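A note on names: the letters A, B, ... follow the listed sequences, proteins ahead of strands, and every chain is numbered from 1. Note that this is a predicted model, so its numbers are computed, not measured.
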Amino acid sequence: MYFKLPNKIIDELRRWLPILSLTTLIVFLVGLYFSILNSPPDYLQGDSMRIMYIHVPAAWLALGSYSFLALSCVCWFIFRNPNFNLFAKSIAPIGAIFTLIALVTGSIWGKPTWGTWWAWDARLTSMLILFFLYVAYIMTWQSIVNKELAAKISAALGVIGFINIPIIKFSVDWWNTLHQPATISKLSAPSIHISMLTPLLIMTFAYILFLATLFLIRLKIEIIEQKILRANK
Amino acid sequence: MISDLFYMNGYGVYVWSAYFFTLISFIILYYYYYSSLLKKEQELKNLQLKNE
Amino acid sequence: MSNKLIINDLECFRGEKIIFKRLSCNIESNQTVLIRGTNGSGKTSFLRTIAGYINKYNGTILFNDNDLHHEKSLLSNFQFIGQKNSLKENLTVLQNIEIWKLIYSSKKNINEILEHLDIGSLLNKDINSLSDGQKKRVSLSRLLLSNSMVWLLDEPLVFLDEDKSNLLANIILNHNNGGGITLYSSNTDTNLQYDNIIKMDDYAVL
Amino acid sequence: MQFYNLIIRDLKLAFYSSTNFLLAASFLILILILIPFVFGSNVSNFSLLFRGFIWISIALSILLTLDRVFNSDYEDGNLDTIILTQIPIELIVFAKFISHWIANCIPIIIVIPLAGILFEIGIQDSLNIITNVLAGSPGMVFIGSAISALTLGSKRAGIYKTIIIIPLYIPFIIFGADQESSLVLLGLSMIAGVFSLFISVYSLRLYAE
């Protein structure tokens, strides 16, 4: 059955874990160096723009992880292979943390630029809604006792969430044009100068590596839990 | 040099608090999941030993 | 109008575990069958499998020579009354019966049913103020509401005392005379007359 | 024929336990009465406040009566009985949707013109609000019922359902509060209707077998 195949790959990757974590750390430190020391402050926002280097990658990965989650739910419906559920279940908490980081750093960044901790900016609001979707998905696994049922329900929920992201995006943007005072749009990435692009890309790469490491760890945990479950049955 | 690195002409407190929050959550996340992975692997090993 | 219910080597599961196997019998209309067995010997699962609540089973159940596993539409001929009275606690007896009448979209008039089960006096009382015996009789009213041929009663006599079980007896009687079949389970011997008996312990898998 | 019986059954069920039949309307009236005390009586944009609170009370009344849609029948076994009467599951689910909508939204629609008088909302505005509500509230009811069907088996149902539903209600609330977007609302309701029907049938099959 499919179940055996990925096991071998994941056991293989498991041995690479320490190296993977190390490279993530190195890339992260390089990214930090570039974003803090080696890039000019923005002419308008000054140094507070450096928060962008950790806010924007977190937002990208938050959305990226949810798309991955929803994609594995769709694949589970099509191929009925239990592994896809494990993928979705492993990525969910990581994606939720990235969304949380994006929210917190976004509001910290907002303080100097708009003077308030929270502004109903279109992207921040969508990020907040995305956080709700993550919490809903994670809670499905906890509150439904019978695990086969929980797998089916959470898969359905993942897909529902995914269908709703464009709808929510569309309505929040439209709503934003209705109430949007002009100044707030400044939070959108300021005119990216080449010297600012490099730290952003390095940090994004570091985030992706970190996501991969955590995903691998979470997946291994889920697979072991499956084995323990099956062993006790 | 060092002092203005922290001061960052006024924005330092925001920049550093944001970075601090991100780094701390990364470290906690990594540590929590890595330790629970080791715990789970240990549990599996004991289970397999018990079954033989 | 004669009906035939033929069950051959039926096997039921609880989760992955087989409860009983190789259970076969055939029941003609105008027959009442008692299902005897200790608690947990699968009496309820047997009744629920016939009624269509459980579709994971081996063996075949034929009703007038069509297999119930494929002819799902025939299931409306079966009526299962479990120990759990599915009553709306905060509503009155009359309201509950009215609501059931709508599910079965039956044309029967309610008063006639009330006489049969002697619950005419309880009409406007809330369900949660009734005794277990009264609740069971209200729950049994569904049998008369639905025009189903095969009655499957799980421990119907538990809360019914002497004269109330006679009520049930003659309801079953004229149901069977009209070509119906009745199966009921009990873990003690009962004074309700029956034509043949299925002992679950003969087929149980321990 | 049985389809209407099911709807009538649910309406009777709601009407007999009258607590939640009038819940929606009483919610709206309660909230509306509180507005002047909270915001002062000479507030300029009463109509926006009025419009917003209507949508909030629709959302609240749906959320609070969610477990009457599938849960109460599921717990006392009636759901299995209904399914076993071999009415197609799609009809059963659709009957539940419609009866839940009638029980929740019709009282609010009736109350709107009356409450409108309290807030100097002209007939024209009331009609506009009613068309918006008629276009948008079915979608909200569909989503609410679908999620309650999906989460039949979960322990901590209350909060968990609301967390799933709130993000899905946001598009309705946004376009509901705007005057000219009843067509968009209708579109949203239809999309919600299709998906909710599909999801509810899927989860009923999941739980019933």
K.L.:
Contact part of D:D73 toward chain C, heavy-atom cut-off under 4.5 Å: side chain, backbone, both or neither?
P.N.:
both
K.L.:
For the residue pair C:F20 and C:F46, does the interplanar ring angle fall in the parallel (under 30°), tilted (30 to 60°) or perpendicular (over 60°) class?
P.N.:
perpendicular
K.L.:
Is C:I99 close to chain D through its backbone or its side chain, or both, or neither, when contacts mean heavy atoms under 4.5 Å?
P.N.:
both
K.L.:
Does any heavy atom of chain D fall under 4.5 Å from the side chain of C:L87, the backbone, both, or neither of them?
P.N.:
backbone
K.L.:
For D:F195, enumerate each residue passing the side-chain contact (heavy atoms from CB on, under 4.5 Å) test, keeping only those at least two apart in sequence or located in another chain.
P.N.:
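Listed in chain order: A:I163, D:I191, D:I199.
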K.L.:
Using side-chain contact (heavy atoms from CB on, under 4.5 Å) as the criterion, list what pairs up with C:K4, not counting sequence neighbours.
P.N.:
C:I6, C:E28, C:N64, C:D65
K.L.:
Verify, without hydrogens or angle tests, whether D:S189 (side chain) and D:L185 (backbone) share a donor-acceptor contact under 3.5 angstrom.
P.N.:
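Looks like yes, one N/O pair under 3.5 Å.
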K.L.:
Select one option (side chain, backbone, both, neither) describing which atoms of C:E98 are under 4.5 Å from chain D's heavy atoms.
P.N.:
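Only the side chain of C:E98 comes within 4.5 Å of chain D.
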